[in-house]
Amino acid sequence: MTISTLRGRIATGVRTLNPGYFALVMATGIVSVAMDNHGLPGLSLALLVLAMVCYVVLVVLTIGRLMVHRAEMLMNLRNPQFAFGYFTFVAGTDVLGTALLGRQSYGAALGLLAVGGLAWLILGYVVPWTAVLGRSRHRSVLSDANGTWFIWVVASQSVAVLAAGLEPQLDGLRRELAILAVVSWSVGLFLYGAAGIFVAARMMIYPLGPRELTPPYFVSMGATAITVVAGARIVQMADAPMVAATRGLAAGVSVVFWAFGTWLIPVLLAAGLWRHLVHRIPLTYTAPLWSVVFPLGMYGVGAHYLGQADDLPLVEAIGVGESWLALAVWAVTFAGMLHHLARTVLTDR
């Protein structure tokens with residue numbers, strides 16, 4: 001393979017980069033947090049370093065795509081089927097910051113919170129606006145509603161998780177971080193309801209074939225899990241006026257969301273069996289598969305924090321099992337990604 005061929009393949013990869021590829025960082029970062037929670041600091045650190053490397057690479061590729069292939073990025077931004085994938089940048093940034101909290105890297109975590117919070121604020125208005133107004137007038141926006149819409153919820157709650165985790169550590173910013181955590185958590189609750197209504201309506205009104213039932217639908221469960229983590233972190237925050245006003249609410253809502261997320265797991269597994277076994281759609285590596293890994297890891301972390309915050313040992317034990325499952329699925333998916341990259345970029349097909 002010549003250098004020019006390799007450059008051409010890399011250029012094609014940049015041009016067609018999936019907006020939701022930061023889910024790789026989300027998945028790796030949350031599995032790192034899970035392993036740290038379960039007493040494996042070495043493995044946790046290795047996953048954290050890998051998540052940081054992936055984050056830097058994806059940021060560079062995204063900047064390159066913005067400079068060279070701006071038209072393709074705008075096309076994705078105006079398409080409701082892909083636009084909400086841009087929120088994976090917010091969630092990936094904040095999950096990485098949350099993983100750094102376990103290393104007492106509070107300055108770096110605060111910097112990532114600033115980046116993630118600003119991106120959440122901007123994209124929270126830009127993505128829904130452009131995705132709705134930029135759609136084809138011959139199609140209803142409801143027909144394009146899908147599992148990626150729940151990533152908006154995940155992005156909002158990721159800001160809450162990181163802000164709540166930093167709040168006890170930074171006395172000078174305690175009040176501001178408490179407000180940010182509670183506000184973004186509350187916004188995420190309403191967004192989950194809105195996304196759920198749109199996606200449920202799309203499934204009832206328009207036919208949903210096995211090819212449309214893609215991995216991002218697992219984010220519906222991941223969004224409940226990160227809502228649980230955010231609520232549990234709010235419960236554990238140091239005393240502040242905003243915390244005192246919402247601590248009881250956060251604890252109760254977290255239990256409700258954990259229960260609903262648990263109920264969703266068999267539904268999503270059955271949907272996967274229907275797609276791959278009944279309709280024989282091959283299970284091959286694609287970028288959206290990271291949208292399956294992240295919910296599994298986040299559910300494990302969420303159950304761990306909820307069990308500790310509300311003194312629920314059974315819930316905490318469930319989180320331990322789910323975390324190991326997430327690690328196994330992460331390893332298989334990462335191996336699939338490496339094989340995919342080697343086959344499409346480094347070897348002649």
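Just so you know, these numbers use all the heavy atoms, side chains as well, and skip hydrogens, waters and symmetry mates.
Using a 4.5 Å heavy-atom cutoff, the side chains of Phe82 and Thr148 are not in contact. Looking at Thr333 and Val292, their side chains never come closer than 4.5 Å, going by heavy atoms from C-beta outward. Side-chain contact between Pro288 and Thr214 is absent, with no heavy-atom pair separated by less than 4.5 Å. Within the 4.5 Å cutoff, the side chain of Phe257 has heavy atoms near those of the Leu189 side chain. When side chains are defined from C-beta on, Leu24 counts as touching Met337, because their heavy atoms get closer than 4.5 Å. Leu289 places none of its side-chain heavy atoms less than 4.5 Å from the side chain of His340. Contact annotation: the side chain of Phe334 never approaches that of Val293 to less than 4.5 Å [non-hydrogen atoms, C-beta and beyond]. You'll find the side chain of Val25 stays beyond 4.5 Å of the side chain of Val95, heavy atoms only.
Tyr55 contributes no side-chain N or O that, together with a main-chain N or O of Phe89, makes up a donor-acceptor pair within less than 3.5 Å. Remark: side-chain polar atoms of Arg202 are paired, donor with acceptor, to backbone N or O of Tyr206 under 3.5 angstrom. In this structure, the side chain of Gln157 engages the main chain of Trp185 through a donor-acceptor pair within 3.5 Å. Side chain of Thr62 to backbone of Leu58: a donor-acceptor contact under 3.5 angstrom is found. The backbone N or O of Leu123 lies less than 3.5 Å from no partner atom in the side chain of Trp152, so there is not a single donor-acceptor pair. In this structure, Ser220 contributes its side chain and Tyr217 its backbone to a donor-acceptor pair below 3.5 Å. The closest donor-acceptor contact from the side chain of Arg275 to the backbone of Pro210 lies under 3.5 Å. When atom types are taken as modelled, the side chain of Ser32 and the backbone of Thr28 share no donor-acceptor pair closer than 3.5 angstrom. Within the 3.5 Å criterion, the main-chain N or O of Pro168 finds a donor-acceptor partner in the side chain of Arg174.
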Assess whether side chain to side chain contact (heavy atoms under 4.5 Å, CB included) is satisfied between Asn146 and Glu212, documenting all intermediate values. CA-CA 8 Å; Asn146 59 76; Glu212 286 78 39; over 6 Å; no

Would you sort out whether Ile226 and Met26 count as a side chain to side chain contact (heavy atoms under 4.5 Å, CB included), showing the intermediate values? CA-CA 11 Å; Ile226 196 171; Met26 295 163 55; over 6 Å; no

Before giving the answer on side chain to side chain contact (heavy atoms under 4.5 Å, CB included), spell out for Leu273 and Val278 the whole-Å C-alpha distance, their side-chain angles and the decisive distance to 0.1 Å. CA-CA 7 Å; Leu273 294 175; Val278 176; 6.0 Å; no

Show the numbers, then the answer: is there a side chain to side chain contact (heavy atoms under 4.5 Å, CB included) between Leu48 and Leu96? CA-CA 8 Å; Leu48 174 58; Leu96 191 60; 3.8 Å; yes

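Of all heavy-atom pairs spanning Arg103 and Ser44, the tightest one is NH2-OG, 3.1 Å. In this structure, Val159 and Gly117 approach most closely via the heavy-atom pair CG2-CA, 4.3 Å. Heavy atoms only, all atoms of each residue included: Phe150 and Ala223 are closest at O-CB, 4.2 Å. Contact between Val33 and Ala99 at its shortest, heavy atoms only, is CG2-CA, 3.7 Å. Here the closest heavy-atom approach between residue Leu306 and residue Ser254 is recorded as CD1-CB, 3.9 Å. Counting all heavy atoms, side chain and backbone alike, Ile234 lies closest to Ala250 at CG2-CB, 4.0 Å.
Distance check, rounded to the nearest 0.5 Å: CG of Leu213 to NE2 of His279 gives 9.5 Å. Taken to the nearest 0.5 Å, the OG1 atom of Thr98 stands 12.0 Å off from the CG atom of Asp36. Note that CD of Glu322 is 12.0 Å distant from CE of Met298, once rounded to the nearest 0.5 Å. For the atom pair CG (Leu110) and CD (Gln169), the distance works out to 12.0 Å, reported to the nearest 0.5 Å. In this structure, Leu191 CG and Ser184 OG are separated by 10.5 Å, a value rounded to the nearest 0.5 Å. For the atom pair CG of Leu296 and CG of Leu327, the computed distance is 11.5 Å after rounding to the nearest 0.5 Å.
Other residues, nucleotides and ligands contribute more than 12 heavy atoms inside 6.0 Å of the NE2 atom of His276.
Under the 30°/60° scheme for interplanar angles, the aromatic rings of Phe198 and Trp149 are found to be tilted.
Side-chain contact of Trp290 with Tyr285: a donor-acceptor pair under 3.5 Å is present, judged by distance alone. Side-chain contact, Tyr299 with Thr224: no donor N or O sits under 3.5 Å from an acceptor N or O. When only modelled atom types and interatomic distance are considered, Ser323 and His38 share a side-chain donor-acceptor pair under 3.5 Å.
Placement of Trp324 and Val329 within a single hydrophobic cluster is found when ILVMFWY residues are connected by side-chain heavy-atom separations under 4.5 Å, directly or transitively. Under the 4.5 Å side-chain contact rule for hydrophobic residues, Val153 and Phe190 do not share a cluster. Residue Val256 is not grouped with residue Leu314 when hydrophobic side chains (ILVMFWY) are merged at heavy-atom distances under 4.5 angstrom, including chains of intermediate members. Transitive grouping of hydrophobic side chains (ILVMFWY, heavy atoms separated by less than 4.5 Å) keeps Leu61 and Val56 in distinct clusters. Both Phe218 and Ile318 are assigned to one and the same hydrophobic cluster, defined by single-linkage of ILVMFWY side chains at heavy-atom distances under 4.5 Å.
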